[in-house]
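Taking it in order: structure first as structure tokens, then the write-up.
Below, chain A is the first sequence line, B the second, and so on; all start at residue 1.
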Amino acid sequence: MRKPCCDKEDMNKGSWSQQEDQKLIDYIKKHGEGHWRNIPKAAGLLRCGKSCRLRWINYLRPDLKRGNFGEDEEDLIIKLHALLGNRWSLIAGRLPGRTDNEVKNYWNSHLTKKLKSMGIDPNHHRLSHYLSPPRIHEFSQGTTSSAMKVQPSHQQMKSGGSGSNQVSDAGSCVDHDSSCKLLPDLNVDLAVNS
DNA sequence: AAATAGTCCAACCGCCAGCTG
DNA sequence: ACAGCTGGCGGTTGGACTATT
């Protein structure tokens, strides 16, 4: 049996207080990210290292954009999801200032509904037969988000392991499924940058 | 005004891969 | 080659907030 990542008993859980946030920010400003396991002790936090990492990445990082997603971003998420499936970290990596958690939440709360309302199955990015004609052009036209190039790094692409190999068959549809014509401008650039 | 339902999002959980000794 | 540790990821949950009845 695997040990828990930290001793849960003396740890705070739930929402972070302002003081906790400040301690974490101060520590990372001084020492940088990494060694998450040591951070709680070093920063004087009663939190698990994982929790610190998540808080920093999803909320405290200075380069976070936050706020509503723009149409370009929506458009790009839909395209990338069609291409990559639920690999939120990869998708978020193409959206500057956005986190995987944010993208995932936005997908689950907004975009699945939006696609369904268009008559598209959000899991497979195919027409749903039970709904009225789709309005695909709403996101496949006009938005020129292609300015944001889709270029996953090697580091990101390697994560095709068992946990993440459940790329929706929308990914395979890129290769040979004619239904992908639903996403005509899906030819996002996946070349490796740098 | 109160109760209920629905929505959103921060945070947790468990699993996996890579690294190190 | 193996085991243990760590960081990272995606799925899920819980609670706060808002809308509806």
Side-chain contact check for Ser109(A): nearest option of dC8(B), dG10(C), dC13(B) is dC8(B)

Taking the six-membered ring of Trp56(A) as reference, does the cationic atom of Arg61(A) (NZ for Lys, CZ for Arg) lie under 6.0 Å from its centre and within 45° of its axis?
no

Is there a donor in the side chain of Asn12(A) and an acceptor in the side chain of Glu20(A), or the other way round, less than 3.5 Å apart?
yes

Would you tell me whether Tyr106(A) and Glu74(A) have side-chain atoms, one donor and one acceptor, within less than 3.5 Å of each other?
yes

So among Lys23(A), Lys29(A), Gln22(A), which one has a side chain to side chain donor-acceptor pair (under 3.5 Å) with Asp26(A)?
Gln22(A)

In whole angstroms, how far is the [atom2] atom of [N] from the [atom1] atom of [X]?
X	N	atom1	atom2	result
Leu84(A)	dG10(C)	CG	P	10 Å
Glu102(A)	dC9(C)	CD	P	15 Å
Asn101(A)	dT12(C)	CG	C1'	11 Å
Leu54(A)	dT12(C)	CG	P	17 Å
Trp16(A)	dC9(B)	CH2	C1'	17 Å
Leu111(A)	dC8(B)	CG	C1'	13 Å
Asn108(A)	dT7(B)	CG	P	13 Å
Arg47(A)	dG7(C)	CZ	C1'	19 Å

Heavy-atom donor-acceptor pair, Asp75(A) side chain to Glu71(A) backbone, under 3.5 Å:
no

With a 4.0 Å limit, can you tell me whether [X] has a side-chain N or O closer than that to the phosphate oxygens OP1/OP2 of [N]?
X	N	value
Trp36(A)	dG8(C)	yes
Arg53(A)	dT6(C)	no
Lys113(A)	dC8(B)	yes
Arg55(A)	dC12(B)	no
Ser15(A)	dA10(B)	no
His110(A)	dC8(B)	yes
Ser51(A)	dC12(B)	yes
Arg37(A)	dT6(C)	yes
Asn86(A)	dG11(C)	yes
Arg87(A)	dG10(C)	no
Trp107(A)	dG10(C)	no

Apply salt bridge (charged side-chain N to carboxylate O under 4.0 Å, His left out) to residues Lys65(A) and Glu73(A) and explain how you reach the verdict.
CA-CA 12 Å; Lys65(A) 202 184 268 184; Glu73(A) 288 176 308; 3.0 Å; yes

Distance-only donor-acceptor test (3.5 Å): side chain Lys50(A), base dG14(B)
yes

When all nucleic acid strands are considered with a 4.0 Å heavy-atom cut-off, which category describes Asn58(A): base, sugar-phosphate, or nothing?
nothing

